[in-house]
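These notes are about the structure you will find just below.
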2 protein chains.
Amino acid sequence: MNFSIAEENYIKAIWRLQQSDANVTTNELAAELQTKPASVTDMLKRLSEKKLLNYAPYYGVKLTADGKKLALSIIRKHRLWEYFLVEKLQFNWDAVHDIAEELEHVSSPELIERLDAFLGYPKADPHGDPIPDSKGRMTSISNLTLQQLPEAQPAIVTGVGDQSSSLLELLRQKNIGIGTKLEIKQRHAFDGSVEIKIRNQPLINLSEQLAKNILVKPQ
Amino acid sequence: MNFSIAEENYIKAIWRLQQSDANVTTNELAAELQTKPASVTDMLKRLSEKKLLNYAPYYGVKLTADGKKLALSIIRKHRLWEYFLVEKLQFNWDAVHDIAEELEHVSSPELIERLDAFLGYPKADPHGDPIPDSKGRMTSISNLTLQQLPEAQPAIVTGVGDQSSSLLELLRQKNIGIGTKLEIKQRHAFDGSVEIKIRNQPLINLSEQLAKNILVKPQ
DNA sequence: ATTAAAATTTAGACGAAACTAAACTTTTTT
DNA sequence: AAAAAAGTTTAGTTTCGTCTAAATTTTAAT
Ligand SMILES: [Mn+2]
Ligand SMILES: [Mn+2]
Ligand SMILES: [Mn+2]
Ligand SMILES: [Mn+2]
């Protein structure tokens, strides 16, 4: 079966919200998709009709197995294209999301398998988010934030809290990216900010807000 | 300004038909786009409203300068993606058209400039069709067909008459592609077929119909 | 347990892009 | 020049995806 761009964007948004919230509501979706609750209700009925989700009026929505499969196939395309844009076309990591938002709707499965091979079967996108394989399997992402990291514990950056260009731009400016090795030298009780050290670079200070949005894996 | 996928496909089709036929008619367009004449009339009014073409009811249509510019930018995207699919993703040349038909509508200009650079600024797509540069300029394609080539005149294949997969598949099977060097050894008056020689390969026979659809440049 | 607030759905409308059937123009034939 | 054929447009529907305003239901507060 073939789905419209609007339908695919809804399914992807529902999947994302479902990660933190078992039941996804109409208002959450309207906010996520920058649209109106009434429009969401209309679309939920159509998607329910197509068996991509179970819709309980007034109580929200949950993806079916088919819905999840579709969501993961779109996420796979999105993240592979993002990887392509950064690794092959030299885009900055904060410039690729909107373009991938369009590319993810190109429908050829053959295209995406060949792209995957061409890229060398990458495991994660430029933001550290895992890329589902062709069967929809993927590794789960680290859930330890830099803010939670103990002092003097060396760690490696594995991801970011969100894809907002304000966050990504700030990190780029501070020379922090996926794979950056760092450790906390000092933690300030007053404002929750941290002094961190990256090899060959001077100490830098990160706000608590920023430290909460950097995912790390202890080394 | 931003245009819908349907609008872009109409503009591209009009451009193509305009190459052979100064004035493009409703029926021609309906056939080209696999739709109904009434639908074409509807769309022509909208595109005329948007100043992409001049529409004279009952007498057909011609692109404005803006319309031509848009057409060339879509053609540029289409052909660059086709080149990418063949050269980087190893698709056969008869498998790329439909995918490029989708990719050409991804709207980022930055994307297409970077793709062009990544590909090394190719001059022609896998079917020998010239790729317009970012300003819409392109070289014109050879207009000499293999059928018109004199006997014993060495020549190089530069393009094909159309993009149908039946033609492309047949040529692939006969080991004829862009850049193939060949010459006519004999011409059969009875059916217009030709015997051609490619280096290191046995003589092969091509029907008149096929020879008319291979573009060549004498060497 | 009522009432107030928040969330959600329904009703009715609209624009885009398609369709069929009918009407109208232009072109071709006789 | 009239009639027939071909080509094109108009009129009226349909589906998709959106919107606003009003009605309804659920949840929270008194
Ligand atoms: Mn998208
Ligand atoms: Mn990403
Ligand atoms: Mn297209
Ligand atoms: Mn081509």
Side-chain angles (χ1 to χ4, degrees), chain A residues 1-15 17-18 20-63 67 70-71 74 101-102 104-107, chain B residues 1-14 17-18 20-63 67 70-71 74 101-102 104-105 107:
Chain A
M1 220 199 225
N2 235 37
F3 301 98
S4 72
I5 291 175
E7 287 171 330
E8 291 190 349
N9 284 335
Y10 268 88
I11 291 296
K12 196 156 61 94
I14 294 165
W15 189 90
L17 293 172
Q18 211 172 251
S20 36
D21 217 347
N23 228 53
V24 179
T25 69
T26 303
N27 263 10
E28 280 176 319
L29 264 173
E32 178 82 9
L33 290 163
Q34 316 237 70
T35 182
K36 295 290 138 74
S39 307
V40 173
T41 301
D42 284 352
M43 181 60 99
L44 292 183
K45 285 182 195 159
R46 274 194 293 274
L47 294 175
S48 168
E49 202 60 44
K50 295 188 178 185
K51 309 280 187 216
L52 293 174
L53 48 79
N54 293 117
Y55 171 50
Y58 290 101
Y59 288 92
V61 94
K62 267 185 85 162
L63 293 180
L70 176 58
I74 304 164
E101 204 57 49
E102 292 188 52
E104 71 189 0
H105 304 291
V106 174
S107 62
Chain B
M1 217 196 226
N2 236 36
F3 301 98
S4 72
I5 292 174
E7 287 171 330
E8 291 190 349
N9 284 335
Y10 269 87
I11 291 296
K12 197 156 60 91
I14 293 165
L17 294 173
Q18 211 172 250
S20 37
D21 217 347
N23 229 53
V24 179
T25 69
T26 304
N27 262 10
E28 279 177 321
L29 265 172
E32 179 81 9
L33 290 163
Q34 316 238 69
T35 182
K36 295 290 139 73
S39 307
V40 172
T41 300
D42 284 351
M43 181 60 99
L44 292 184
K45 285 182 195 160
R46 274 193 294 273
L47 295 175
S48 168
E49 203 60 44
K50 296 188 178 184
K51 310 279 187 214
L52 293 174
L53 47 80
N54 293 117
Y55 171 51
Y58 290 103
Y59 289 91
V61 96
K62 266 185 85 161
L63 293 180
L70 177 58
I74 305 163
E101 204 56 49
E102 292 189 52
E104 71 189 0
H105 304 292
S107 62

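Convention: sequence-line order gives letters A, B, ...; per-chain numbering from 1.
- Remark: B/T35, B/K36, B/A38, B/S39 in residues 32-40 of chain B come within less than 4.0 Å of DNA chain C through at least one heavy atom.
- Side-chain atoms of B/V61 and B/Q18, non-hydrogen and from C-beta on, never get closer than 4.5 Å to each other.
- Protein chain B contacts DNA chain C from C/dA17 to C/dT27, reading 5' to 3' and using non-hydrogen atoms of the protein with a distance under 4.0 Å.
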With side chain to side chain contact (heavy atoms under 4.5 Å, CB included) as the criterion, how do B/I5 and B/E102 come out once you've worked through the C-alpha distance, each side chain's angles and the decisive distance to 0.1 Å?
CA-CA 9 Å; B/I5 292 174; B/E102 292 189 52; over 6 Å; no
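- Residues B/L70 and B/M1 are not in side-chain contact: their nearest non-hydrogen atoms beyond the backbone lie 4.5 Å or more apart.
- Taking 4.0 angstrom as the limit, B/Y55 places a side-chain polar atom (N or O) nearer than this to OP1 or OP2 of D/dT9.
- Proximity of A/F3 to A/L52: side-chain heavy atoms (C-beta onward) are separated by under 4.5 Å at one or more points.
- In this structure, the CG atom of B/L44 is 11 Å from the C1' atom of D/dT8, given to the nearest Å.
- Put simply, the side chain of A/K12 reaches to within 4.5 Å of the side chain of A/E101, judged on heavy atoms.
- D/dT27 atom P lies 11 Å from atom OH of A/Y58, rounded to whole Å.
- Here CG of A/N9 is found 8.5 Å from CE of A/M43. Values are rounded to the nearest 0.5 Å.
- The minimum heavy-atom distance between A/P37 and A/T26, with the atom names listed, is O-CG2, 3.5 Å.
- The two residues B/L29 and B/Y10 have their closest heavy-atom pair at CD2-O, 4.5 Å.
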Please write out each protein N/O paired with an N/O of nucleotides 15-17 of chain D under 3.5 Å, distance rounded to 0.1 Å.
from: D/dG17; atom 1: OP1; to: A/S4; atom 2: OG; distance (Å): 2.3
from: D/dG17; atom 1: OP2; to: A/R46; atom 2: NE; distance (Å): 3.3

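- When all heavy atoms of A/S39 and A/T35 are compared, the closest pair comes out as CB-OG1, 3.6 Å.
- Atom OG1 of B/T41 sits about 6.0 Å away from atom CG of B/L44, to the nearest 0.5 Å.
- A/N27 has its CG atom 16 Å from the P atom of D/dT26, to the nearest Å.
- Here A/T26 lies in heavy-atom contact (under 4.0 Å) with sugar-phosphate atoms only.
- Rounding to the nearest 0.5 Å gives a distance of 11.5 Å between CG of B/L47 and CG of B/N54.
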